[in-house]
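Count residues from 1 along the sequence.
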Amino acid sequence: MISRIDLRGDALPEGGALRDLLPRAEFDVEAALEKVRPICEDVHHRGTAALIEYAQKFDGVTLEQVRVPVQALKTALDELDPAVRAALEESIRRARIVHREQRRTEHTTQVVPGGTVTEKWVPVERVGLYAPGGRSVYPSSVVMNVVPAQEAGVESIALASPPQKPAFEGDPAGGLPHPTILAACALLGVDEVYAVGGAQAVAMFAYGTEDCLPANMVTGPGNIWVAAAKRYFTGKIGIDTEAGPTEIAVLADSTADPVHVAADLISQAEHDPLAAAVLVTDSAELADAVEKELEPQVAATKHVEDRIKPALAGKQSAIVLVDSLEDGLKVVDAYGAEHLEIQTADAAAWAARVRNAGAIFVGPWAPVSLGDYCAGSNHVLPTGGCACHSSGLSVQSFLRGIHIVDYTRDALAEVTHHVVTLAEAEDLPAHGAALKARFGWKVPNQ
């Protein structure tokens with residue numbers, strides 16, 4: 001059901017050589033880019049008409065408009081299962097607690113007497129958020145995108161999610177995003193919602209249409225077409241990340257419970273056939289026990305043939321055997337997992353030493369599923385090894401740091417000779433002249 005990679009016996013290679021030994025899903029964004037380019041440009045030129053046409057082509061839905069009526073949001077919330085509403089409200093409450101604490105404040109540094117640099121943090125004006133709607137419905141992604149944007153102070157928030165096919169003739173929900181998505185938007189006070197999916201949703205936010213104003217930034221997970229569209233618009237709009245297939249890595253020793261480890265690997269495998277489930281362990285006994293435990297747990301769950309089995313059997317998933325936890329730490333740092341669980345003795349100490357991970361889950365009582373919904377952390381995280389240079393979504397994602405430079409005449413005079421010297425060293429004399437002009441073309445302090 002799941003392959004093994006044995007890295008015991010020899011010294012582990014460094015850097016890219018080690019990364020090349022580890023499992024990873026094939027996710028060719030560059031190839032997808034060529035296919036989304038004409039879609040994006042069609043939206044640019046034809047606007048809403050193109051969006052309606054692509055809804056028919058890709059989603060099998062006939063739309064008259066793409067903007068979701070506000071009444072549909074209210075209806076979805078009114079009809080939401082009370083237990084689901086309570087769970088979403090608790091998810092939102094916990095996310096707000098964490099993300100509110102992330103908000104940076106303005107800070108002024110006195111560099112010299114009369115010379116200060118202030119860093120202020122300004123939210124982007126408008127963001128377009130994406131909530132996937134393919135194999136599963138993700139109201140949790142609505143929460144994880146909207147809450148940090150709101151806590152950052154973003155004034156204009158719009159959300160797009162694919163339209164759903166009617167469940168029956170005359171189904172009032174047909175052509176709208178999933179009702180649980182709409183209910184989550186209503187709970188969060190987001191009333192600008194569009195029934196648009198895929199690359200065309202990113203294009204709508206990037207270019208704007210007659211119905212939707214352009215956004216400064218687009219965030220949210222999606223499929224390869226969404227990732228490719230984000231790459232296409234990088235430089236025109238801000239993006240969070242080119243999200244690839246979801247990943248879990250578990251660093252475990254002989255103290256780990258194989259039932260827990262197997263359950264957690266399966267929990268990520270049920271997302272998608274390309275989802276990655278990786279166990280890194282120095283215990284062959286644990287590896288055997290986890291492999292044995294996978295069989296009954298997989299058999300007892302849902303989405304087995306179309307998602308879980310292909311994900312666990314795919315080249316992106318494996319049990320990786322190492323000589324020691326020190327080697328295991330090197331492996332998980334080289335892998336840079338979206339989600340990393342530490343199920344070892346003294347798990348907190350090992351977690352503190354991890355350098356590369358989107359989010360770290362410490363010990364047996366902090367499974368990834370908790371972070372997906374109700375830990376208070378954000379689940380929009382870097383994939384594909386990007387955790388070595390990128391962070392998950394947070395309030396900071398929606399803020400821009402602006403430096404405000406304020407110098408008096410005396411403070412400028414005191415440093416002018418250094419500025420002139422450096423400008424001339426770079427063969428940019430006009431830079432120095434901009435200061436000389438302020439002092440009668442004489443350099444102070446010389």
Side-chain angles (χ1 to χ4, degrees), residues 27 29 32-33 35-37 39-44 47-48 50-51 54-55 58 66-68 99 122-134 138 140-163 177 181 184-185 188 190-209 211-244 378-384 386 390-400:
F27 195 70
V29 176
L33 184 62
K35 294 184 178 181
V36 304
R37 189 188 307 272
I39 295 173
C40 293
E41 290 311 305
D42 193 22
V43 172
H44 186 196
T48 299
L51 298 175
Y54 289 126
F58 297 130
V66 295
R67 177 76 181 261
V68 175
H99 290 83
V122 181
V124 297
E125 294 177 36
R126 176 171 167 81
V127 299
L129 310 179
Y130 189 77
Y138 294 102
S140 57
S141 287
V142 178
V143 175
M144 299 297 172
N145 279 273
V146 171
V147 168
Q150 289 178 334
E151 295 301 325
V154 176
E155 293 183 2
S156 178
I157 297 175
L159 185 137
S161 191
I181 295 285
C185 289
L188 288 157
V190 175
D191 61 11
E192 185 182 350
V193 181
Y194 297 90
V196 183
Q200 56 271 30
V202 181
M204 174 184 71
F205 287 136
Y207 286 130
T209 67
D211 298 312
C212 177
L213 293 173
N216 307 106
M217 184 175 189
V218 173
T219 73
N223 59 22
I224 193 168
W225 312 115
V226 172
K230 285 182 177 181
R231 180 174 295 185
Y232 183 67
F233 287 111
T234 297
K236 179 176 177 61
I237 56 172
I239 65 168
D240 50 350
T241 186
E242 296 177 7
N378 203 293
H379 80 201
V380 182
L381 301 167
T383 61
C386 292
S390 298
S391 304
L393 201 67
S394 73
V395 167
Q396 314 317 329
S397 304
F398 300 97
L399 295 174
R400 296 160 294 136

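Atom CZ of Phe205 sits about 12.0 Å away from atom CG of Asn216, to the nearest 0.5 Å. In this structure, the separation between CG on Leu381 and SG on Cys386 is 12.0 Å, given to the nearest 0.5 Å. Interatomic distance, Ile181 CD1 to Ser140 OG, rounded to the nearest 0.5 Å: 8.0 Å. To the nearest 0.5 Å, atoms CZ (Arg37) and CZ (Arg231) are separated by 11.5 Å. Annotation: the span from Gln200 atom CD to Thr209 atom OG1 amounts to 12.5 Å, rounded to 0.5 Å.
Nearest heavy atoms, Asp240 versus Gly220: OD2-N, 2.8 Å. The minimum heavy-atom distance between Ala243 and Ala227, with the atom names listed, is O-CB, 3.8 Å. Contact detail for Thr383 and Glu242: the closest heavy-atom pair is OG1-O, 4.1 Å. The nearest pair of heavy atoms linking Pro132 to Ser161 is O-OG, 3.9 Å. Contact record, Pro221 with Val380: CD-CG2, 4.1 Å, taken as the closest heavy-atom pair. The nearest pair of heavy atoms linking Leu159 to Cys185 is CD2-SG, 3.9 Å.
Side-chain N/O atoms of Asp211 and Tyr194 include no donor and acceptor closer than 3.5 Å.
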(request) Using the side chain to side chain contact (heavy atoms under 4.5 Å, CB included) rule, take Phe398 and Val127 through it: C-alpha gap first, then chi angles, then the decisive distance, then the call. (result) CA-CA 8 Å; Phe398 300 97; Val127 299; 3.7 Å; yes

(request) I would like to know whether Asp42 and Tyr54 meet side chain to side chain contact (heavy atoms under 4.5 Å, CB included); could you show each step before the answer? (result) CA-CA 10 Å; Asp42 193 22; Tyr54 289 126; 2.8 Å; yes

(message) Please determine whether side chain to side chain contact (heavy atoms under 4.5 Å, CB included) holds for the pair Val142 and Leu129, giving the CA-CA distance in whole Å, both sets of side-chain angles, and the decisive distance to 0.1 Å.
(response) CA-CA 8 Å; Val142 178; Leu129 310 179; over 6 Å; no

(request) Assess whether side chain to side chain contact (heavy atoms under 4.5 Å, CB included) is satisfied between Leu393 and Met144, documenting all intermediate values. (result) CA-CA 8 Å; Leu393 201 67; Met144 299 297 172; 5.6 Å; no

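For Tyr130 (side chain) and Gly197 (main-chain N/O), no donor-acceptor pair under 3.5 Å exists by modelled atom type. When atom types are taken as modelled, the side chain of Arg126 and the backbone of Ile157 share no donor-acceptor pair closer than 3.5 angstrom. In terms of modelled atom types and a separation under 3.5 Å, the side chain of Thr241 and the main chain of Pro382 share no donor-acceptor contact. Remark: side-chain polar atoms of Gln150 are paired, donor with acceptor, to backbone N or O of Leu188 under 3.5 angstrom.
More than 12 non-hydrogen atoms from other residues, nucleotides or ligands lie less than 6.0 angstrom from CD of Glu41.
Screening residues 219-229 for side chain to side chain donor-acceptor pair (under 3.5 Å) gives Asn145-Thr219 as the qualifying pairs, with residues at least two apart or on separate chains.
You'll find the side chain of Glu192 reaches within 4.5 Å of the side chain of Cys212, heavy atoms only. Between Glu125 and Ser156, every side-chain heavy-atom pair lies at or beyond the 4.5 Å cut-off.
Annotation: ring pair (Phe, Tyr, Trp, His ring centres under 6.0 Å) contacts of Tyr207 (sequence neighbours excluded): His44, Phe233. Shown here are the salt bridge (charged side-chain N to carboxylate O under 4.0 Å, His left out) partners of Glu151, two or more places apart in sequence or in another chain: Arg96, Arg100.
The side-chain contact (heavy atoms from CB on, under 4.5 Å) test with Val43 is passed by exactly one of Thr48, Val202, Leu51: Leu51.
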